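A quick write-up on the structure given underneath.
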Protein chains: 2
Amino acid sequence: LITGKNYIGNKTSNSGSTTFKTFNPKENQENAWVFYEATSEEINTAVLLANKAFEKYSDISDKERAAFLREIANEIDVLGSILIETYTKESGLPEGRALGEKNRTLGQLRAFATLLEEGSWVDATIDTANPERQPLPKVDLRKMLLPLGPVAVFGSSNFPLAYSTAGGDTASALASGCPVIVKSHPMHAGTGELVASAIIKAAIKTNMPNGVFSNLNSSGIEVGEQLVMHPKVKAVGFTGSIKGGTALFQMASKRDEPIPVFAEMGSINPVVMLPSAVKNTDWAKQYAGSITLGAGQFCTNPGLILALKSNDLELFLERLEVEINSIEAVCMLHPNIHANFNNLKKEVSSQDAVSTVASNENDVLPNFAKHKVIKVSGKDFIKNSVFHKEVFGPFSVVVVCDNLSELELIISNLEGQLTGTILGDVDEIEKQQTLVRALTNRVGRVIFNGVPTGVEVCASMLHGGPFPASTDSRFSSVGTSAIKRWVRPVSFQNWPNSLLPNALKNENPLGILRNINGKMTVYKI
Amino acid sequence: LITGKNYIGNKTSNSGSTTFKTFNPKENQENAWVFYEATSEEINTAVLLANKAFEKYSDISDKERAAFLREIANEIDVLGSILIETYTKESGLPEGRALGEKNRTLGQLRAFATLLEEGSWVDATIDTANPERQPLPKVDLRKMLLPLGPVAVFGSSNFPLAYSTAGGDTASALASGCPVIVKSHPMHAGTGELVASAIIKAAIKTNMPNGVFSNLNSSGIEVGEQLVMHPKVKAVGFTGSIKGGTALFQMASKRDEPIPVFAEMGSINPVVMLPSAVKNTDWAKQYAGSITLGAGQFCTNPGLILALKSNDLELFLERLEVEINSIEAVCMLHPNIHANFNNLKKEVSSQDAVSTVASNENDVLPNFAKHKVIKVSGKDFIKNSVFHKEVFGPFSVVVVCDNLSELELIISNLEGQLTGTILGDVDEIEKQQTLVRALTNRVGRVIFNGVPTGVEVCASMLHGGPFPASTDSRFSSVGTSAIKRWVRPVSFQNWPNSLLPNALKNENPLGILRNINGKMTVYKI
């Protein structure tokens, strides 16, 4: 079933000679499938097909696009056990995670379908004419969101399903009316091809134009670069490293026509423990779990824990050590990720003035991650920016601050983060509004008494944050609002009613909620 | 009343020694006032004050910010005739225009105040918890828009009031909760200082934190560069040339923390005349007026008119010549702008295969603009990108196409534009949906049977468009939605109700419209 070929629109293609394989980190050996890297010509054909498809696809009704998304979900579901097997072989992640992630992926596709079926997401805004207005008559003006054009999506390493081929970026872009060209992640190209085949089947079944979706294999950076620089590509979605995302962002802003890049990148997700929380040893258990969950390979992994110096803190950290040491090591996604983890863990741990809170020193299987938690004083943290580095894996830095103003200073000078968490009593936090404001100002999501891992897919989720958490803090890569990344508003002035898009017609044929002369209403004009 | 000093927060300051003067283009001589260029230290102080002010200002209620904006409008109004005189002396624009623009400026400030008083603009979105959900409990998640931080605003040359010191960018940024540092436009630094003094008075009267607004004089590019590169500046608003805006955009994306730049830049605003429109000679009069309005110094000036080759077209162009030649030349904003206009007009007019439709060959006063309309075939237009250049002034290129597919090809390959216009009958346009789609795809606003000049300030206005019309096609610089440029969504997870921002509290104390579990409602939870 896995051919190793690219999908250039509805057709498979392998005109190039460069090939690569994926790797089973649990077995510590290559998988058998051979993948054909997309050639320059195949990339160009895919983009031109997408551009051609855009003419039709952007005009297709929301309801038809919703049917397409639902059919993608069905076709992925139909793949059954082969998908789950391939996923586990290419990621080292357990079957339960694969099933959970598959359900999340189907749920996302269906959530966007529901959004389209309802229809109000296009932000229809209407100001009707007033020919009698003085000194100048007022024109009729109507605005709605329209899709940008072909979108390039870069699959992530750590979510082979939910943030790859048919993941949140693809689902939201297809929902918006933009064709998608996926640069498949080389670590799980087989999983990617299976999902791509499901999307293509769904596109054919629901009569979508050829080119609405393509899937390109690539083991290096050239395919991605060519995609981002192609003049017909109008936006980019990316989940991955700060280095990779920033490079794409810089590249895209230097194009003759700069385009938006939505890169969800690095985060160390600071957690502030107020004194009462340090006394609550239940947090030790919860954080031991959160730090090691999925071998720490989550962008919301808690990499930084800040607290005030105290005896209670020492007791808490002893408990954290016990809890985290009781958790078995698990396999990482790939030997490269495992090696990066070990190198970074070593680099950060070997800085001056570091002491160890917990460290797995057992022998483990190849590619399994040995957790580590280190401790450093607030003063030493401030002096050394190495402690700000994201160590992708089960690793965390505890910062012991002398006082609250030192803690606040650290928070204020942190790079942008996906999340920030505060643990404590309501009364306690109420007195720390400066701290709360400083934290809120650096993150996309603030959490009270919880762990940052676990990202709910819903309208009120903001998964993103100030740079380098993401390249555009104004948009979310998770939840239904992610659709807003792929659209722009367009105004229609004095346009004949019969020629207006349905969302803007007087009679409101879609029955959607619209802003008419400043009032939100579902009524016709 | 005009001191030539900078406003660094509430204090005037002139610690530098570089000075410059503004110019009265009608009198063709310098104005008397001497302006002190802001020093590097003054810029830094202004930004640090703004950053300090942000802590308080971002927490002030919408209603208090609304009162501040209304007070700014009042204080500008109170300036009275001195403002209008200074405006006309520094722009060469007539008094009527000054008064109209002042009213537009006050109207914008008050429109944002009204938006804040109503309060629903923060897009409050709430998904309530479900602790019983399987397999995982659902958290409580609430999202709203929060301000980015200090904003740098670059005043425009062509709107000394409505798109400068207290113009749309400043009004929308202050409305959002962001402090503003204005880089005053050097051509009308006196007008800028008067308006700045009004803003400062209003800030003091309404108890806004010192630093919520600063006004920096600058005749070169260094002040602007330093502002954009300052790590505490979090976004930039700019109205001006493609070259200037693109330079700022590139600079901002190379910062350690890239920031958004909203530059509204160049546009030639294509107008497509379908056969029936060419027969309607009334359009000749309207377009003669639109091309020459305000000496053509509008970003929505119609610089490109596309039509099919026909006898009717020749008759129409003869009529256009008569109409436009009956319009008196008027003064341009500055000798530099006048010189640029003449150079570009000459460059574009002297290309191969150009013929003249209309040309003012009369003697005129210094700095007055002599209009010109030229004609070129579709084939020649396609061959030569010089015809795509924006000639800022009363100038237009008529492109005579052999057929509709040639016209469509030209439209499809145009750079991004602020506006695109189609003139014709409804029946005629109905048959040209490919053309309409191609045009819509390249512009921010499509107009039916009208002129592109005249930009309504309302919720449904999109003033922007694909690059290089603007650096971010997803936002408008005119109308109340312009506030969305200066904010980002932040999610609050399981946050205690008493500590949530008012917009997200269960009891909905602001009485705003919110999305609760997918339904828009003003009810409490």
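Quick caveat: nothing in here was measured; it's all calculated off a predicted structure. Only heavy atoms go into these numbers, but all of them, side chains included; no hydrogens, no water, no symmetry mates. Residue numbers begin at 1 in each chain, while the letters A, B, ... track the order of the sequences.
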Do Arg445(A) and Leu141(B) pass the side chain to side chain contact (heavy atoms under 4.5 Å, CB included) test, and can you show the C-alpha distance, the side-chain angles, and the key distance before you say yes or no?
CA-CA 9 Å; Arg445(A) 172 166 57 114; Leu141(B) 209 57; 4.1 Å; yes
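- Heavy atoms closer than 4.5 Å to chain B are found in both the backbone and the side chain of Thr440(A).
- Using a 4.5 Å cut-off on side-chain heavy atoms (C-beta onward), Leu499(A) and Val436(B) make no contact.
- Side chains of Ser498(A) and Val426(B) form a contact here, defined as non-hydrogen atoms less than 4.5 Å apart.
- Using a 4.5 Å heavy-atom cutoff, the side chains of Glu55(B) and Asn441(A) are not in contact.
- Taking NZ of Lys484(A) as the start and NZ of Lys484(B) as the end, the distance is 7.5 Å to the nearest 0.5 Å.
- Heavy-atom distances place no part of Arg514(A) under 4.5 Å from chain B, backbone and side chain included.
- Contacts of Leu513(A) with chain B are made by side-chain atoms alone, with heavy-atom separations under 4.5 Å and no backbone atom involved.
- Taking chain A as the reference chain and counting heavy-atom pairs below 4.5 Å, the highest number among Pro466(B), Ala124(B), Ser476(B), Pro147(B) is found for Pro466(B).
- In this structure, CG on Asp140(A) lies 8.0 Å from OG on Ser460(B), to the nearest 0.5 angstrom.
- The shortest distance between side-chain heavy atoms of Glu456(B) and Asp127(A) does not fall below 4.5 Å.
- Across Arg485(B), Gln493(B), Glu118(B), the residue that shares the most heavy-atom pairs under 4.5 angstrom with chain A is Gln493(B).
- Under the 4.5 Å side-chain criterion, counting only non-hydrogen atoms from C-beta, Glu430(A) is not in contact with Pro496(B).
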Could you walk me through whether Lys143(B) and Ser481(A) satisfy the side chain to side chain contact (heavy atoms under 4.5 Å, CB included) test, starting with their C-alpha distance in whole Å, then the side-chain angles of each, then the deciding distance to 0.1 Å, before giving a yes or no?
CA-CA 11 Å; Lys143(B) 185 172 74 171; Ser481(A) 67; 3.1 Å; yes
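- No other option in His463(B), Arg142(B), Met461(B) has as many heavy-atom pairs under 4.5 Å with chain A as Met461(B).
- Note that CD1 of Ile447(A) is 12.0 Å distant from CZ of Phe492(B), once rounded to the nearest 0.5 Å.
- In this structure, the portion of Gln250(A) lying under 4.5 Å from any heavy atom of chain B is its side chain and not its backbone.
- In this structure, CD on Gln433(B) lies 8.0 Å from CG on Asp59(A), to the nearest 0.5 angstrom.
- Contacts between Leu145(B) and chain A at a heavy-atom distance below 4.5 Å are absent for every atom of the residue.
- Using a 4.5 Å cut-off between heavy atoms, Pro468(A) does not touch chain B at all.
- Using a 4.5 Å cut-off between heavy atoms, Met144(A) makes no contact with chain B at all.
- Using a 4.5 Å heavy-atom threshold, the side chains of Leu148(B) and Ser473(A) count as touching.
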Just do the side chain to side chain contact (heavy atoms under 4.5 Å, CB included) check on Asp472(A) and Arg474(B) with the steps written out, would you?
CA-CA 12 Å; Asp472(A) 196 332; Arg474(B) 294 158 306 160; 3.5 Å; yes
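- Counting heavy-atom pairs under 4.5 Å between each of Glu415(B), Arg437(B), Glu257(B) and chain A puts Arg437(B) at the top.
- Rounded to the nearest 0.5 angstrom, Ile259(A) CD1 and Phe467(B) CZ are separated by 12.0 Å.
- When heavy atoms are compared at a cutoff of 4.5 Å, Lys234(A) approaches chain B solely by way of its side chain, counted from C-beta outward.
- In this structure, NZ on Lys138(A) lies 6.0 Å from SG on Cys458(B), to the nearest 0.5 angstrom.
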